Visitor: 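Have a look at this one.
In this text, all values refer to a predicted model and were calculated from it rather than measured experimentally. Letters A, B, ... are given to chains in the order of the sequence lines, protein chains preceding strands, and every chain is numbered from 1.
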There are 2 protein chains.
Amino acid sequence: MNQYIQPSTTTASSRIYDILRKDLVNGRFAAGEKLAINALKELYQVGLSPLREALNKLAAYGLLIQENQRGFRVPTLSRSELDDIVKTRLALEGMAFEQAISLGDAAWEANLLAAEHRLKCADMTLDNDDEWERLHTQFHRTLVASCGSIWSLRFIEQLHDQFDRYRRLGPKMPVIRQELDQQHHELVALALKRDVKAARKLLDEHILKSYEAALTCFAQHG
Amino acid sequence: MNQYIQPSTTTASSRIYDILRKDLVNGRFAAGEKLAINALKELYQVGLSPLREALNKLAAYGLLIQENQRGFRVPTLSRSELDDIVKTRLALEGMAFEQAISLGDAAWEANLLAAEHRLKCADMTLDNDDEWERLHTQFHRTLVASCGSIWSLRFIEQLHDQFDRYRRLGPKMPVIRQELDQQHHELVALALKRDVKAARKLLDEHILKSYEAALTCFAQHG
DNA sequence: ATAAGTGATAAAATCGATTATTTTTCAGGA
DNA sequence: TCCTGAAAAATAATCGATTTTATCACTTAT
């Protein structure tokens, strides 16, 4: 494992960080909203110091905006930023996937099959969205895990969180969702066949299709 | 300006963040070293709360490693990580530069010429390394500034900081330095000519040459 | 009617002290 | 001599209170 991953025993600060990160990605707070620190303190039943440390980390990570003497705000959403996120994902994730296919060993293949299977199982049980989201994130992480670039993986994860802020706002789209699920399967198949070209092409399509889905969040909301 | 930039009035936390970030990039603390928070408190004459907030942000940014209940450490340096940083820079910065040349307007051209000129002036006065570093960073930031992708710019800046941790450890190399300075001038010339292909090629060479210089930090140290 | 000032209120940032955890030290036993 | 584990010391994390800064409602002057 690499030195940039944190765990070991857990602190109030890291716990609240994980929770807030998830809540921010899930759109629990409105875009542009100012976070009232004292309210958060009550809401999450946590002290001021660990809370502020978590908020500071989230701001450095890009899930919050920090303005000196004015606390923290949720970043606004815009079509142009979504476009940027998607373009950057296409480039970074595409390269990483190609590398991952070239470099991936048997353990990676096994992880990939396992991640796909777990995701498929979660697809069946229609409730428990949270769990599906977790497995979906894990699946995409596994796709590129063997690319060999710690920094690319880091950036890709950050972009996924940003992208998901948009995607999870939109309405459920069973048709698109089904197509995306189908692509998950095909991505694994192409990856295992080491068909770099075709896999890359399909990943691009996959990202663009989910972009399509994410775009609908503007139709509904602002 | 974009919402991810912070300024306005300044707090103890943001002040100490800027200082620590610079000191970390400059190698003031040894790689792998554990930071004694109380010592930092004395050293920078700052309270515990703002200091911890700054450290948390730096950890999220990648200039520190945070381990629960064990405080903060300076990330170690390794050949393989440097390779990763350089490869990722080549990809991200290369794309961004191509875009920047395509999209840059007259204001960008003016900024570019200004940044180059300031850097050249700093080249003359051999003392004041800090100022040169600042202008050098600013020059490279300007090169890609008009690429249109907030997220790429963000990642590129992060990678520059990481790269500079290595570069600034090595010995001064006047010959390579002179070649790099020459390339700065040529990069501007090609960018203004909108010669995307040649500019991209030169930027790649530029990054690889500074990689060469950064590599020497391993010859000296570990 | 608008703009600039003023005081009250709310909120953010910071401090000093306390609590929890890790690390070190050292005595006792194999 | 080398473990082992308990006590002591050091350090990280957190809390509660204080200070500083922004915000809002209101007054006064242009």
Visitor: Taking all non-hydrogen atoms of both residues into account, name the closest pair between A/R165 and A/T76 and its distance.
Guide: NH1-O, 4.0 Å

Visitor: Between residues 39-56 of chain B and DNA chain D, which residues have a heavy-atom gap below 4.0 Å?
Guide: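 Output list: B/L48, B/R52.
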
Visitor: For residues 36-55 of chain B, pull every pair meeting salt bridge (charged side-chain N to carboxylate O under 4.0 Å, His left out), keeping only residues two or more places apart or in separate chains.
Guide: A/R52-B/E53, A/E53-B/R52

Visitor: Flag the pair A/K172 and A/D129 as a salt bridge only when some basic side-chain nitrogen lies within less than 4.0 angstrom of an acidic carboxylate oxygen.
Guide: yes

Visitor: Tell me the salt bridge (charged side-chain N to carboxylate O under 4.0 Å, His left out) pairs involving residues 133-148 of chain A, sequence neighbours left out?
Guide: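 Residue pairs with at least one partner in residues 133-148 of chain A: A/E131-A/R134, A/E133-A/R167, A/E133-A/R168, A/R141-A/E157.
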
Visitor: Checking B/R118 against B/W132: charged group under 6.0 Å from the ring centre and within 45 degrees of the axis?
Guide: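 Here B/R118 fails the 6.0 Å and 45° test against B/W132.
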
Visitor: Across the strands shown, which category fits A/I16 at heavy-atom distances under 4.0 angstrom: base, sugar-phosphate, nothing?
Guide: nothing

Visitor: Please list, pair by pair, any protein nitrogen or oxygen found under 3.5 Å from a nitrogen or oxygen in nucleotides 18-23 of chain C.
Guide:
| from | atom 1 | to | atom 2 | distance (Å) |
| --- | --- | --- | --- | --- |
| C/dT22 | OP1 | A/T9 | OG1 | 3.2 |

Visitor: Using side chain to side chain donor-acceptor pair (under 3.5 Å) as the criterion, list what pairs up with B/S210, not counting sequence neighbours.
Guide: none

Visitor: Quick check for you: name the first and last nucleotides of DNA chain D, 5' to 3', having an atom under 4.0 Å from a heavy atom of chain B.
Guide: D/dT11 to D/dA22

Visitor: Whether the A/T142 and A/N111 side chains hold a donor-acceptor pair (N or O, under 3.5 Å, no angle test) is what I'd like checked.
Guide: no

Visitor: Measure the CG-CG distance between A/N26 and A/D164 for me, rounded to the nearest 0.5 Å.
Guide: 8.5 Å

Visitor: Would you sort out whether A/H140 and A/H206 count as a ring-ring contact (aromatic ring centres under 6.0 Å, His included), showing the intermediate values?
Guide: CA-CA 11 Å; A/H140 276 280; A/H206 184 68; 5.0 Å; yes

Visitor: For a quick check under 3.5 Å, do A/Y17 and A/N56 share a side-chain donor-acceptor pair by atom type?
Guide: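 Side chains of A/Y17 and A/N56: no pair found under 3.5 Å.
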
